[in-house]
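Some notes on the structure that comes next.
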Amino acid sequence: VRVFFDDSQFDFQTLRLLGSAGSGDAEAGEVLSTAARITAGDFESWTAQWLATARRVHHIAGECQERGHIVSAVQAYLRAANYYRVAEFYLHGDPADSRIRQLSRTARSCFRAALALDQRDVQTLVIPYAGTTLPGYYYPATRTSGPAATLVAHTGFDGTEEELRAIALAANVRGMHCATFEGPGQGAVVREQGLPFRPDWEAVVTPVLDHVLTLPGVDPERIALLGLSFGGYLAPRAAAFDHRLSACVANGGVFDFMANNRPAGMTRVRIALACRLVSRRAGLHPRRSRPADPLPHPGDRRRSRTRLRRPSVGAVRGTDLREDLPAVHGRGGRRGPLPGRLADAVRPAHVRLARGDTEPDDRDQWRMSPGEGTGP
Amino acid sequence: MSSTPSSEKAHEPFETTNAQSAGRSAPGVFKSQTFDFQLMRWLSQTTYSGAEIGECFSTAHLIDDGNTDSWLQEWSKTARRVEDIARDCARRGHKVSAREAFLRATTYYEAAFFYAASRDPRKRELYLHHRDCFRHAGALFDSPFEPVEIPYQGRVLPGYFMRPDNSATTRKTVMIITGGDGTAERLYFNGGGAAALRRGYNVLCFEGPGQTGAHLLDPSLTFRYDWEVPTATAIDYLLGRPEVDADRIAYVGYSWGGYFVPRAAAFEKRISACIANCLAPEIYRPVVQTMEVEQLLAAGQPITDDQLTTKQRYSIEEGLPRFGFEPKAENLTGWAEMLKQMTLWGLEDKITIPLLNMSAAGEGKLMYDNAKAFFDALPNPRNRFVLTNEDQGAELHTQRGNSSLLHQIQFDWLDEVFAD
């Protein structure tokens with residue numbers, strides 16, 4: 001559904017932002033009135049207008065904080081953080097653009113200001129990884145007694161972990177802890193450290209799980225991994241290799257990145273070339289490193305199939321899914337109700353994949369659980 | 001959308017007398033202005049889990065523009081679907097998911113009956129679903145919402161009492177009412193119920209005589225100008241509760257509530273602070289202009305249904321019965337006389353408690369000028385006059401589209417007043 005712009009990219013990004021209103025990370029009036037000031041398809045106009053809104057809301061946050069209105073300050077900081085994130089979104093055409101780091105850092109600092117003021121005890125994580133560290137947050141569930149199920153969540157191609165707060169809260173109110181992180185290619189890791197994506201995502205998830213297992217209250221028997229968007233490839237891929245995971249959520253499931261999401265007329269080679277070109281231009285992949293192919297290779301696909309058999313229910317047919325790997329798959333980009341449903345779906349031991357029809361279909365969204373087969 | 005002209009006068013009220021005119025915050029889904037505004041009303045409830053963006057847009061795009069029956073049908077379908085989710089979640093023990101789905105279904109049922117006339121049996125049925133979903137949701141909160149029936153002249157006024165937690169701690173309390181449309185249930189969302197709970201207030205959302213749910217449940221409850229009478233019974237109820245700090249009771253009113261609340265504050269001295277969104281020192285002129293009934297009153301001749309605009313039909317079918325009139329165009333004159341009784345002019349000196357006025361630029365010049373003129377004559381130095389605009393994404397009537405900003409301004413002010 002086209003809502004705000006004739007430009008489908010701008011339209012989707014605006015809807016993505018508006019969709020975060022449910023967790024208090026945007027306000028409809030602020031989103032719509034800002035969108036109305038933007039020239040469709042004009043990146044500079046996009047940046048300028050979101051920046052204006054971000055700054056205005058940031059200012060409100062500061063004032064509220066100063067006057068001791070903590071609830072109001074937290075809410076304004078969260079919205080400001082999100083608007084700064086969006087302002088930064090289309091700046092990557094020029095990797096030297098200083099606004100990339102500046103705005104993404106401001107977004108993060110607003111988000112962290114909100115965390116610091118909030119009553120909730122959210123920890124900032126520094127996760128050891130391959131001689132460096134990855135950033136993360138740990139949102140402990142309130143009022144749990146003893147070890148609790150834990151959701152580990154990451155985003156996909158162009159998101160930030162701050163956007164995952166809604167999912168973390170949805171998990172928390174359902175009694176689950178939640179840890180989020182950004183891996184190579186994502187968020188602050190690519191912007192601050194220049195680390196590109198890697199197809200063998202288990203090499204990222206394994207050290208993350210090592211760290212998560214040291215966090216207070218985490219039940220090692222009940223850890224689920226959730227990946228959004230491109231993370232719908234990454235998460236099942238990691239789940240195929242790291243068997244400490246007891247559930248996996250792919251939203252949406254990507255079995256073969258090239259097969260499912262290929263634009264019409266694009267060959268695998270052309271996409272890979274285009275990705276490399278864009279990556280180099282964006283300065284995301286240093287030339288001296290191994291030529292970066294952000295996409296999974298055919299070999300990975302075979303290995304993945306062997307190890308996981310069927311990584312994500314949405315993308316494959318067959319009935320030989322790993323019995324102990326519940327999975328849920330969302331389609332259609334309806335962002336709103338998903339976090340709640342996803343969190344429900346990963347309650348371990350409550351969900352098992354039903355054997356039977358796992359054919360992808362046209363329904364917006366479906367999930368499977370015992371005795372129900374597929375259902376809308 | 002890129003062609004939308006930017007307003008050079010964003011900090012001035014729009015040059016219009018239409019309380020529902022929108023600037024850049026309009027969703028722009030409908031050509032029908034009232035449909036587009038109402039869409040924003042539901043869309044805006046997302047802030048407090050009362051709606052989801054995707055559900056609102058996907059429903060709105062199925063509606064035949066300007067067709068109130070299509071509007072009712074499509075919102076009903078969405079409401080039922082989401083209620084089914086809620087019941088399914090509840091059955092499977094997913095308490096949080098059930099609560100959230102019930103909250104959204106609450107909103108979608110209200111959207112569904114919004115344009116239905118009181119005499120349409122679907123209205124009452126959908127309203128009861130609306131209320132039922134909200135009560136189910138309310139029961140699933142850690143501190144469950146208590147449905148209350150406030151005794152009122154041998155009858156009852158419906159509402160909810162909500163507490164930040166289950167303790168009997170004595171706290172500041174906010175009473176919230178809506179105006180010509182809206183329900184006590186909706187007040188939990190954009191009305192500030194949820195926002196108040198987060199800030200440590202007790203909340204009483206209720207409906208006085210004539211207001212949507214009260215009137216549907218008991219048609220003998222019709223609007224009255226002396227709003228201090230139903231207000232007094234609500235305060236009597238509050239003072240019977242140990243959680244209520246009698247010295248810190250605030251009263252908030254939206255839309256026509258911008259008349260009711262200051263009117264009550266002029267005579268009911270147990271209220272310690274009030275918020276008018278926005279001050280409506282008179283009802284008659286803004287209503288007849290906004291609802292396009294001025295011409296009907298002037299015409300002085302019978303008017304057939306097919307000549308009426310959506311707003312005119314709404315005023316007659318929905319407005320008149322709430323004042324005790326049959327829904328016929330010929331009764332508009334009697335109705336207009338009752339509207340003229342509803343005036344704050346002359347009560348300026350009696351409203352001595354701190355008062356916050358919230359105006360929105362899209363409410364138009366007449367409402368703004370009225371509010372400002374009345375405000376300027378009020379005595380309390382703590383009074384504050386706020387005008388929100390489209391640069392803030394808050395030019396719509398009662399700040400629909402920006403609840404976070406609205407509640408930040410309202411409750412920060414109230415916190416400071418009560419801190420003294």
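A, B, ... follow the sequence lines: proteins, then strands. Residue 1 opens every chain.
For a residue to count as touching a neighbouring chain, one of its non-hydrogen atoms must lie under 4.5 Å from one of that chain's; by this rule A:Ile60 touches chain B with the side chain only. Contact annotation for A:Gln75: only side-chain heavy atoms (C-beta onward) come within less than 4.5 Å of a heavy atom of chain B. In this structure, chain A has a heavy atom under 4.5 Å from the side chain of B:Asp142, while its backbone stays farther away.
In terms of heavy-atom proximity, A:Leu18 sits nearest to B:Ile53 at O-CG1, 3.2 Å. Of all non-hydrogen atoms in B:Asn402 and A:Glu30, the two that sit nearest each other are ND2-OE2, 3.0 Å. Contact record, B:Gly393 with A:Ser33: CA-OG, 3.3 Å, taken as the closest heavy-atom pair. The two residues B:Asp412 and A:Cys64 come nearest to each other via the heavy atoms OD2-SG, 3.5 Å. Residues B:Arg198 and A:Val71 come closest through the heavy atom pair O-CG2, 3.6 Å.
In terms of modelled atom types and a separation under 3.5 Å, the side chain of A:Arg56 and the main chain of B:Asp391 share a donor-acceptor contact.
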Show your working on side-chain contact (heavy atoms from CB on, under 4.5 Å) between A:His69 and B:Gln408 and close with a plain yes or no. CA-CA 8 Å; A:His69 301 303; B:Gln408 171 233 313; over 6 Å; no
What's the verdict on side-chain hydrogen bond (donor to acceptor under 3.5 Å, both in side chains) for A:Glu27 and B:Thr47, showing C-alpha distance, side-chain angles and the deciding distance? CA-CA 7 Å; A:Glu27 267 294 347; B:Thr47 312; 2.8 Å; yes
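Taken to the nearest 0.5 Å, the OG1 atom of A:Thr34 stands 11.5 Å off from the CD atom of B:Gln392.
With a 6.0 Å radius and a threshold of 12 heavy atoms from other residues, nucleotides or ligands, A:Arg67 has its CZ atom at or below the threshold.
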